[in-house]
Visitor: 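Got a structure here, written out as structure tokens. Questions coming.
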Amino acid sequence: MTDLLLKTEDGVAWLTLNRPDRLNAFSPAMLLALGEALQRLSGDDDVGAVIITGAGRGFCAGGDVKTMPDRAAQGFEERVEGLRRMHQLPLLLRTMPKVVIAMVNGPAVGAGLGLAMACDLRIAGHSARFGTGFAGVGYSGDFGGAWTLTRLVGTAKARELYFLGDIVDAETAQALGLVSRVVEDDGLREVTAALALRLADGPRIAYGYMKRNLFAAETEPLAAVLEMEAVHQARTAMTEDHVEAARAFAEKRRPVFKGR
């Protein structure tokens, strides 16, 4: 059984973490496959949006606790290099030109929470649960969680969630700004698919440049973001999608975007 499933339909790529017996905790094979898939999808002109979800009743439990003693036997440098390789994933999710949606169908804990937060949007079912989880296993945290959680919920709440390790439900996560929407569990797939299809049918080039702008807005000063916006706005003004949108506005109809 492969640890990651990939399916593409209607311009939307579905990536399913597939270790349901372990609440989709990461394995080396899963991380490798996820990185390779994201790299490939990043340049796939047939894909306009990506959905990441988990098989069974969980989204992702993060690191597999059962393998932690084995990893503890590794040397310091080996552990650091392994984490550095894994950390290419949240960076790729933040910078790839496709809009990525986390469809959170159950617990998202530890690095699993980091994975969800690295996506552009998070749609949660009512049964979803969120937690940092690191204090419970004596870890300090990885997968960019400290950076992303601080920006989503603020520094005080991020510290509380890290230090105390409390699990929050979907409604609380939405109130904190951690998730975009909360829907009934039996409608989660339908709602997420409809949102992804809407994005896939949108101005794909513009979305890619929007992601660059928004990522820079979290790290760069205003002057740098203004310069970036000027360059990107001029670039998107030259796309066929922009010309089509302007024509559709004048003709009082919905634009038909081609991703060009």
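Count residues from 1 along the sequence. Reckoned from all heavy atoms, side chains included, excluding hydrogens, waters and symmetry mates.
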Visitor: Do P203 and H242 have side chains that get closer than 4.5 Å, going by heavy atoms?
Guide: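 P203 vs H242: side chains apart.
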Visitor: Please report the C-alpha distance between I101 and C119 in whole Å, then the side-chain angles of each, then the deciding distance to 0.1 Å, and finally whether the side-chain contact (heavy atoms from CB on, under 4.5 Å) criterion is met.
Guide: CA-CA 6 Å; I101 304 170; C119 297; over 6 Å; no
Visitor: How close do V104 and A116 get, counting heavy atoms only, and between which atoms?
Guide: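 Reported closest heavy-atom pair: CG2-CB, 4.4 Å.
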Visitor: What about M210 and L199, same hydrophobic cluster or not, with Ile/Leu/Val/Met/Phe/Trp/Tyr joined at side-chain heavy-atom distances under 4.5 Å?
Guide: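 Yes, one cluster joins them.
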Visitor: Find out whether T95 and F215 are in side-chain contact, i.e. whether some heavy atom of one side chain is under 4.5 Å from a heavy atom of the other.
Guide: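 When only atoms from C-beta onward are counted, F215 and T95 do touch, with a gap below 4.5 Å.
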Visitor: Quick one: does any side-chain atom of S180 pair with a main-chain N or O of L121 as donor and acceptor, under 3.5 Å?
Guide: no
Visitor: Hey, any chance Y209 and V99 share a hydrophobic cluster, counting ILVMFWY side chains that come within less than 4.5 Å of each other, even indirectly?
Guide: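 Each belongs to a different hydrophobic cluster.
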Visitor: Check whether T150 reaches the backbone of W147 with its side chain - one donor and one acceptor, N or O, closer than 3.5 Å.
Guide: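 No; zero donor-acceptor contacts below 3.5 Å.
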Visitor: Are any of the side-chain nitrogens in R253 or E244 under 4.0 Å away from the carboxylate oxygens of its partner?
Guide: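 Counted as a salt bridge, because a side-chain N and a carboxylate O are separated by less than 4.0 Å.
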Visitor: Which pair of non-hydrogen atoms, one from L188 and one from T192, has the smallest distance, and what is that distance?
Guide: O-OG1, 2.8 Å
Visitor: Can you see which heavy atom on G54 is nearest to which on N105, and at what distance?
Guide: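 In this case the closest contact between G54 and N105 is O-ND2, 2.9 Å.
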Visitor: Can M30 be reached from V109 by stepping across I, L, V, M, F, W or Y side chains whose heavy atoms are under 4.5 Å apart?
Guide: no
Visitor: From the options K211, K98, R94, select the one residue that forms a side chain to side chain donor-acceptor pair (under 3.5 Å) with D120.
Guide: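 The passing option is K211.
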Visitor: So, for A55 and P20, which heavy atoms are closest and what is the spacing to 0.1 Å?
Guide: O-CB, 3.8 Å
Visitor: What I'd like to find out is whether the side chain of D3 reaches to under 4.5 Å of the side chain of F26, using heavy atoms alone.
Guide: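 SC-SC contact between D3 and F26 ruled out.
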Visitor: Under the criterion ring-ring contact (aromatic ring centres under 6.0 Å, His included), I'd like the reasoning laid out for Y207 against F257: C-alpha separation, chi angles, the key distance, then a yes or no.
Guide: CA-CA 12 Å; Y207 287 151; F257 295 117; 8.2 Å; no
Visitor: Does the side-chain hydrogen bond (donor to acceptor under 3.5 Å, both in side chains) test come out yes or no for D142 and H87, once each step is laid out?
Guide: CA-CA 8 Å; D142 58 14; H87 285 170; 4.9 Å; no
Visitor: Quick one, T155 and R159 - any side-chain contact, counting heavy atoms below 4.5 Å?
Guide: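 They are in side-chain contact.
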Visitor: Taking atom CD of Q39 and atom CG of L34, what is their separation to the nearest 0.5 Å?
Guide: 10.5 Å
Visitor: With the side chain counted from C-beta on, respond yes when L4 and T16 share a heavy-atom pair under 4.5 Å apart, and no when they do not.
Guide: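 Counting from C-beta outward, L4 and T16 never come under 4.5 Å.
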Visitor: Do the side chains of L93 and L115 get nearer than 4.5 Å, heavy atoms only?
Guide: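 A side-chain contact exists here, since the closest heavy-atom pair is under 4.5 Å.
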Visitor: Got a second to check how far D44's CG is from L38's CG, nearest 0.5 Å?
Guide: 12.0 Å
Visitor: At what distance, to the nearest 0.5 angstrom, does CD of E220 lie from CG of L226?
Guide: 12.0 Å
Visitor: Any sub-3.5 Å donor-acceptor pair from R19's side-chain atoms to A25's backbone N or O?
Guide: yes
Visitor: Any side-chain heavy atom of L15 sitting closer than 4.5 Å to one from V50?
Guide: yes
Visitor: Shared ILVMFWY cluster between V191 and I52, side chains joined below 4.5 angstrom?
Guide: no
Visitor: To the nearest 0.5 Å, how far apart are OG1 in T239 and NZ in K258?
Guide: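 Between T239 OG1 and K258 NZ, I get 14.0 Å after rounding to 0.5 Å.
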Visitor: For the pair F134 and Y162, name the ring-plane relationship: parallel under 30°, tilted 30 to 60°, perpendicular over 60°.
Guide: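 Parallel: the ring planes of F134 and Y162 meet at under 30°.
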Visitor: When rounded to the nearest 0.5 angstrom, what distance separates CG in L149 from CE in M117?
Guide: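 Rounded to the nearest 0.5 Å, the CG-CE separation comes to 4.5 Å.
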Visitor: Please say yes or no: joined through hydrophobic side-chain contacts below 4.5 Å, possibly via intermediate residues, are M103 and F130 part of one cluster?
Guide: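 Different hydrophobic clusters.
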Visitor: A side-chain contact here means heavy atoms from C-beta on lying under 4.5 Å apart; do L23 and R57 qualify?
Guide: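 Counting from C-beta outward, L23 and R57 do come under 4.5 Å.
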Visitor: Which atom pair, heavy atoms only, marks the closest approach of N24 to G58?
Guide: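 Closest pair (atom of N24, atom of G58, distance): ND2-O, 2.8 Å.
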Visitor: Give the minimum heavy-atom separation between D45 and R204, together with the two atoms involved.
Guide: O-NH1, 2.9 Å
